[in-house]
Amino acid sequence: MSLKSYQRNFLEFAISQEILSFGSFTLKSGRKSPYFFNVGKFNKGSTLSAIGKFYAATLQDEKKLDFDVVFGPAYKGIPLASSTVIALSEQYNKDVPYSFNRKEIKDHGEGGNIVGAPLKGNILILDDVITAGTAIRECLAIIKENDATPVGIIVAVDRQERGTSEVSAVQQIEQDYGIPVMSIVNLELIIEYLKEQGGYDEHLSNMKEYRDMYCIKK
Ligand SMILES: O=P(O)(O)OC[C@H]1O[C@H](OP(=O)(O)OP(=O)(O)O)[C@H](O)[C@@H]1O
């Protein structure tokens with residue numbers, strides 16, 4: 001697997017902003033991870049603008065994917081989807097509608113639990129990460145209830161981790177729904193980047209050890 005220039009730029013940016021950190025982090029799964037991707041740090045205009053550009057660059061790279069609407073699951077998917085459609089419009093002249101769900105149903109005013117463009121046609125789901133896949137499965141159900149068609153999913157980082165079976169949660173979704181799950185980068189590419197940069201020897205060996213223990217073989 002080799003890094004594309006936007007992936008290298010994304011990793012350089014994420015490390016410099018301490019959005020991607022190396023050390024020892026306990027995950028919800030109980031696993032002790034040597035790295036952590038913290039979306040909570042996309043908390044100012046410049047970083048939010050930058051992440052939207054990286055999602056947009058990835059989508060440009062996946063040209064075969066034909067989508068009509070970007071859907072950002074509440075809550076963290078909302079600013080990410082907003083920032084990505086701004087980047088698609090400003091950088092690639094693609095004016096893509098977007099929408100998102102409310103976590104609580106609103107029973108006054110316009111009502112409903114979808115805000116933004118109607119969910120019609122081919123829908124791309126955009127979120128930060130997939131862990132067990134629960135949030136994405138909920139979105140897929142919402143899209144189907146609206147008679148729209150999910151055509152793909154994009155996340156920032158694919159950790160490529162196995163759950164209870166041999167496949168990862170991402171692969172399970174791809175198998176169950178027959179749609180691709182894309183990511184700006186994945187664990188393999190992070191490892192590639194650390195090798196390429198040099199000077200990360202200890203983190204690199206911890207990352208490889210973690211990959212061999214918990215991750216899928218590609
Ligand atoms: O694959 P899963 O196991 O569902 O985990 C991933 C989801 O969890 C987080 O959102 P969360 O549901 O915590 O909501 P939030 O965006 O409001 O924080 C994250 O933003 C994903 O949507």
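Order of appearance sets the numbers: ligands from 1, and atoms from 1 within every ligand. Here the structure is a predicted model, which means the values were calculated and not measured.
Arg159 forms a cation-pi arrangement with Tyr35, by the criterion of a distance under 6.0 Å to the ring centre and an angle within 45° of the ring axis.
Around CD of Glu18, the count of heavy atoms belonging to other residues, nucleotides or ligands within 6.0 Å does not exceed 12.
The contact shell of ligand 1, taken as protein residues with any non-hydrogen atom closer than 4.0 angstrom, comprises Ala74, Tyr75, Lys76, Lys103, Asp127, Asp128, Val129, Ile130, Thr131, Ala132, Gly133, Thr134, Ala135.
At distances below 3.5 Å, not a single donor-acceptor pair connects side-chain atoms of Ser168 with backbone N or O atoms of Ile216.
Side chains of Tyr210 and Glu161: a donor on one and an acceptor on the other come within 3.5 Å.
A salt bridge links Lys64 with Glu62: the closest approach of a Lys/Arg side-chain nitrogen to an acidic carboxylate oxygen falls below 4.0 angstrom.
In this structure, Val157 is not a member of the same hydrophobic cluster as Tyr214, with clusters built from ILVMFWY side-chain heavy atoms closer than 4.5 Å.
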